[in-house]
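First comes the structure, then the notes that go with it.
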2 protein chains.
Amino acid sequence: MEQSADLLDRAFAALADATRRGLVARLAVSDATVSELAEPYDVSLQAISKHVKVLEEAGLVTRSRDAQRRPVHLKAEALDLMSTWIDRYRIEVEERHRRLDDLLARTAGPEDQPPCRKKDQT
Amino acid sequence: MEQSADLLDRAFAALADATRRGLVARLAVSDATVSELAEPYDVSLQAISKHVKVLEEAGLVTRSRDAQRRPVHLKAEALDLMSTWIDRYRIEVEERHRRLDDLLARTAGPEDQPPCRKKDQT
DNA sequence: CACTTCCTCAACCAATCGGTTGAATACGAC
DNA sequence: GTCGTATTCAACCGATTGGTTGAGGAAGTG
């Protein structure tokens with residue numbers, strides 16, 4: 001297995017699939033076994049098992065053992081890592097946007113202003 | 001809600017690549033052309049152009065036209081969508097974790113605690 | 001007009017992905 | 001031990017991905 005891939009790579013890739021996002025949503029409510037997770041989906045149990053493995057390798061879930069069962073548990077840490085990454089740049093660009101709007105509003109005040117293209121807001 | 005599923009797919013997939021995350025980080029500072037974006041990377045210009053296209057189809061960036069240049073602009077909206085999705089379940093699982101800790105702290109006080117099987121409470 | 005710059009399209013290739021089916025493992029019950 | 005349940009492993013397949021090279025479009029300059 002290629003272990004060198006970044007954790008963010010795998011975390012984002014893991015959530016790029018609607019089925020896996022569904023599993024995460026389900027696991028946010030409570031831990032569940034693979035069989036329980038597979039129940040709402042019209043795919044094989046092996047497919048869900050693969051999905052859980054992807055989530056596990058992305059650090060999004062952990063699995064313990066309880067007899068034959070392998071209850072899956074959602075971890076907040078990887079979600080936290082992703083959220084932090086996104087918010088860093090989201091805030092940065094929103095901040096930049098706000099400053100640009102300020103500048104435009106300031107310059108457009110007293111003077112006669114040619115049609116000034118502000119943000120392309122629909 | 002379901003309309004955004006496809007967009008979430010593409011947004012998460014877009015950020016699953018370290019190069020594209022690098023482009024987003026660069027674009028958070030300021031808009032840039034494809035050539036400028038490609039400069040730090042040791043791949044062809046076409047490869048970066050493809051990456052930008054992926055970001056665009058994920059709704060993460062827009063492109064305008066300025067003579068020959070196609071300046072790329074980072075949009076906060078898609079980042080916001082992803083952040084919102086993640087935080088919903090991140091908070092949910094953290095909340096659940098906190099409640100479990102509370103329960104354990106409360107119950108573990110006076111009594112000696114046998115391994116307590118907590119089944120799915122659905 | 002030709003020339004240059006910036007960028008995209010098209011074809012191709014190897015690797016990965018999401019799904020399948022079939023076999024194998026791990027555990028508890030009988 | 002055998003049986004049943006839960007889960008994973010292995011092999012395969014079609015589609016997608018990230019990269020390449022080569023050609024070409026779009027716009028400003030001499």
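In the text below, chain A, chain B and the rest are named by the order of the sequence lines, each starting its count at 1.
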At under 4.0 Å, does any side-chain N or O of A/K53 touch on OP1 or OP2 of D/dT7?
no
Hey, does the side chain of B/S49 come within less than 4.0 Å of C/dT8's phosphate (OP1/OP2), counting only N and O?
yes
Under 3.5 Å, N/O pairs linking protein and nucleotides 27-30 of chain D:
none

Nearest whole angstrom, please: distance from the [atom2] of [N] to the [atom1] of [X].
X	N	atom1	atom2	result
B/I48	C/dC9	CD1	P	16 Å
A/R69	C/dT25	CZ	C1'	17 Å
A/D9	C/dA15	CG	P	19 Å
B/E57	C/dC9	CD	C1'	13 Å
B/E39	C/dC7	CD	P	13 Å

Check whether any side-chain heavy atom of B/H73 sits under 4.5 Å from a side-chain heavy atom of B/S64, and report yes or no.
no
Tell me the salt bridge (Lys or Arg N to Asp or Glu O under 4.0 Å) pairs involving residues 50-60 of chain B, sequence neighbours left out?
B/E56-B/R63
side-chain contact (heavy atoms from CB on, under 4.5 Å) with B/A32: which residues, sequence neighbours excluded?
B/R26, B/L27, B/E36, B/L37
Output all residues satisfying side-chain contact (heavy atoms from CB on, under 4.5 Å) with A/E77, sequence neighbours left out; order by chain, then residue number.
A/K75
Can you tell whether the side chains of [X] and [Y] come within less than 4.0 Å, N to carboxylate O?
X	Y	result
A/D102	A/R99	no
B/D6	B/R10	yes
B/E92	B/R96	no

Polar atoms only, N or O, under 3.5 Å: list the protein pairs with nucleotides 18-25 of chain D and their distances.
{"residue": "D/dG18", "atom": "OP1", "partner": "B/R20", "partner atom": "NH2", "Å": "2.7"}
{"residue": "D/dG18", "atom": "OP2", "partner": "B/R20", "partner atom": "NH1", "Å": "3.2"}
{"residue": "D/dG19", "atom": "OP2", "partner": "B/H51", "partner atom": "NE2", "Å": "2.2"}
{"residue": "D/dG19", "atom": "N7", "partner": "B/K50", "partner atom": "NZ", "Å": "3.1"}
{"residue": "D/dG19", "atom": "O6", "partner": "B/K50", "partner atom": "NZ", "Å": "2.1"}
{"residue": "D/dT20", "atom": "OP2", "partner": "B/S44", "partner atom": "N", "Å": "3.1"}
{"residue": "D/dT20", "atom": "OP2", "partner": "B/S44", "partner atom": "OG", "Å": "2.8"}
{"residue": "D/dG22", "atom": "O6", "partner": "B/Q46", "partner atom": "NE2", "Å": "2.8"}

I'd like to check the salt bridge (charged side-chain N to carboxylate O under 4.0 Å, His left out) partners of B/D17; sequence neighbours left out, ordered by chain and number.
none
